[in-house]
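Below you'll find the structure, written out as structure tokens, and then a few comments.
Remember, predicted model here, so these are calculated numbers, not experimental data. Below, chain A is the first sequence line, B the second, and so on; all start at residue 1.
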Amino acid sequence: MEEEAETQEQQRFSYQQRLKAAVHYTVGCLCEEVALDKEMQFSKQTIAAISELTFRQCENFAKDLETFARHAKRTTINTEDVKLLARRSNSLLKYITDKSEEIAQINLERKAQKKKKSEDGSKNSREPAEAGVVGSEN
Amino acid sequence: MADDNPDGDPTPRTLLRRVLDTADPRTPRRPRSARAGSQRALLERASSRRLSGQTKMIAKGRSHGARSIGRSAHVQARGHLEEQTPRTLLKNILLTAPESSILIPESVVKPVPAPQVVQPSRRESSRGSLELQLPELEPSTTLAPGLLAPGRRKQRLRLSMFQQGVDQGLPLSREPQGNADASSLTSSLNLTFATPLQPQSVQRPGLARRPPARRAVDVGAFLRDLRDTSLAPPNIVLEDTQPFSQPTVGSPVYHSLPCTPHTGAEDAEQAAGRRTQSSGPGLQNNSPGKPVQFLAGEAEEVDAFALGFLSTSSGVSGEDEVEPLPDGVEEAEKKMEEEGVSVSEMEATGAQGPSRAEEPKGHTQVTEAEGSQGTAEAEGPGASSGDEDASSKAASPKSASSTPESLQARQHHQFPEPAPPPGAAVLSSEPAEPLLVRRPPRPRTTGPRPRQDPHKAGLSHYVKLFSFFAKMPMERKALEMVEKCLDKYFQHLCDDLEVFAAHAGRKTVKPEDLELLMRRQGLVTDQVSLHVLVERHLPLEYRQLLIPCAYSGNSVFPAQ
């Protein structure tokens with residue numbers, strides 16, 4: 001029992017470390033791009049700090065999103081929750097709302113395409129069926 | 001000593017014996033009035049009917065002595081007598097002799113200034129001259145004129161000296177004993193009770209003490225009389241401080257009721273007040289407990305007293321029938337109403353303002369005042385006097401700034417009340433009136449509030465808190481910045497709450513939204529829940545509103 005808990009802890013910890021490493025790598029890449037853009041160098045400590053900060057903030061976001069979803073009596077996190085999360089900074093909120101609208105449009109288009117496909121598919125399926133029926137009758 | 005006197009003829013000695021035997025010993029430390037009263041009570045209790053006159057003379061003598069105290073020497077003389085109880089004094093008298101020497105005190109009396117004061121009183125009662133006081137006072141001053149400084153040892157010395165002196169004078173006093181009857185009229189130190197009835201019946205029938213005629217108190221008439229004299233005579237006010245003492249001026253003034261022009265105002269007020277009766281704070285139901293309430297009110301705060309009193313007055317109004325007031329009275333009341341209503345309203349507002357800080361100000365107070373006054377008038381005017389008393393009582397102890405106009409308005413509205421307690425209340429409030437009159441009129445209601453930005457109206461409180469907790473002086477600009485920050489902070493909070501409510505598909509902000517907000521703020525965490533914070537920081541009254549708790553009857557409040 002305790003061993004399992006320990007192994008679980010260790011697993012979680014190792015998983016966390018891997019996630020942190022992934023975040024660190026991503027932050028490093030982004031900082032390099034910014035450094036090239038601004039012609040300013042980033043020290044390692046800076047990148048480490050930023051990555052740690054990002055990781056903790058992601059944890060907060062996750063908890064908040066979960067809380068928001070529960071507050072709205074849902075079990076699934078929604079774009080509404082994300083928008084609620086991002087409302088603090090105006091630019092971020094605007095960006096996210098734009099993005100969400102894009103996504104919504106894409107979803108609608110996809111739904112429309114799916115509907116068309118399904119309708120065509122249903123029509124096609126019906127026509128051969130009728131043809132088949134007609135053919136059989138003949 | 002009792003054997004010396006014939007049984008059928010009660011002498012002063014037997015009388016005093018009776019007094020001493022029946023009266024319970026009292027402590028010497030008592031206020032003069034109480035002592036005088038107790039002395040009177042002692043004497044009256046023990047006196048037989050036949051000797052009632054004697055004792056009354058004695059009591060009168062004592063009261064004379066009490067009242068003649070204005071002079072220092074007399075005060076001192078009286079002062080060290082205060083140390084002795086009446087019992088001891090009477091014992092001294094019994095021991096020494098009923099008749100003290102006439103000659104010795106007379107000769108010695110003249111040089112001493114104190115007896116000069118006594119002489120007028122002596123002369124007054126010389127007809128009966130049954131004052132026990134005189135022999136006590138004079139010898140004490142005469143025998144030790146140089147020792148008038150109030151000192152207990154000296155006082156005791158004086159008394160012992162007095163006893164010695166009287167003992168010495170005893171053989172002399174025996175001689176005039178036979179002539180007591182003849183010389184009683186002129187002798188000053190006459191302790192003989194042998195001439196009991198003669199002085200009382202013949203000389204001063206008016207001064208004779210009669211049992212107080214317990215007639216129904218007509219306080220209204222008394223109050224009207226007061227009003228007519230425009231200011232209560234201060235001596236009556238100051239002396240009559242007992243809550244249930246009955247005014248003696250009542251009956252003769254009663255018949256002047258129709259004549260007073262001021263009574264008319266009450267009916268008009270009554271008409272005005274009837275509409276507002278319903279708006280009054282439920283004053284109507286306490287009629288049976290009126291005297292009890294009155295007593296309770298005396299002991300309690302002025303607020304409770306005012307409320308209780310108003311309830312009693314309204315109870316009175318509710319109960320009693322309308323007194324047959326003549327039409328002229330009504331008209332006069334209306335006139336008075338017009339004059340004084342604005343003033344009285346102002347005063348009522350002001351006077352009742354401090355007494356009821358919790359009640360909404362402004363119109364309600366005025367209507368309450370009107371209502372209470374109207375209810376008072378409904379029946380009889382006394383209730384209004386009660387109300388006025390209440391309000392004036394409320395005004396006087398609470399604030400120094402009640403106006404004399406209110407007093408006059410109240411006096412105008414004072415009326416006979418059927419029950420003595422309200423009259424007593426009036427009497428007890430009388431001392432407040434002259435005091436209030438002296439103070440200059442000050443407006444009770446504060447002026448219009450300085451106009452504030454409604455958005456920032458509430459923040460000043462928080463800014464003050466901030467400056468308090470800062471524990472150091474702050475610049476005004478800093479405080480302004482603090483105010484702006486607080487403004488933004490609260491704006492943000494409220495926006496968040498609104499969004500949270502909308503997020504949950506609601507239009508009303510609920511405690512769940514607040515919990516979410518606190519979670520976002522970091523106050524509520526996985527370790528610390530909202531209930532824990534509520535328990536930690538809020539008082540019990542709020543806690544029982546927020547945290548579901550099981551009550552009897554299988555009910556949980558608040559419902560989960």
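Of the inter-residue distances, the one linking B:L459 atom CG with B:E480 atom CD reads 12.5 Å to the nearest 0.5 angstrom. Taken from CG in B:L517 to CZ in B:R520, the straight-line distance is 9.0 Å, to the nearest 0.5 Å.
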Where do A:R87 and B:D496 land on the salt bridge (Lys or Arg N to Asp or Glu O under 4.0 Å) test, with the steps shown first? CA-CA 9 Å; A:R87 81 193 180 290; B:D496 282 358; 2.7 Å; yes
Verdict with reasoning, B:R519 to B:D526, per salt bridge (Lys or Arg N to Asp or Glu O under 4.0 Å): CA-CA 9 Å; B:R519 185 170 279 276; B:D526 295 334; 3.3 Å; yes
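Taking 4.5 Å as the heavy-atom cut-off, the residues of residues 51-68 of chain A that approach chain B are A:K63, A:D64, A:T67, A:F68, ordered by number.
Residues B:L486 and B:F466 fail the side-chain proximity criterion, which asks for heavy atoms closer than 4.5 Å.
For the residue pair B:D513 / A:H71, a side-chain donor-acceptor distance below 3.5 Å is found, with atom types taken as modelled.
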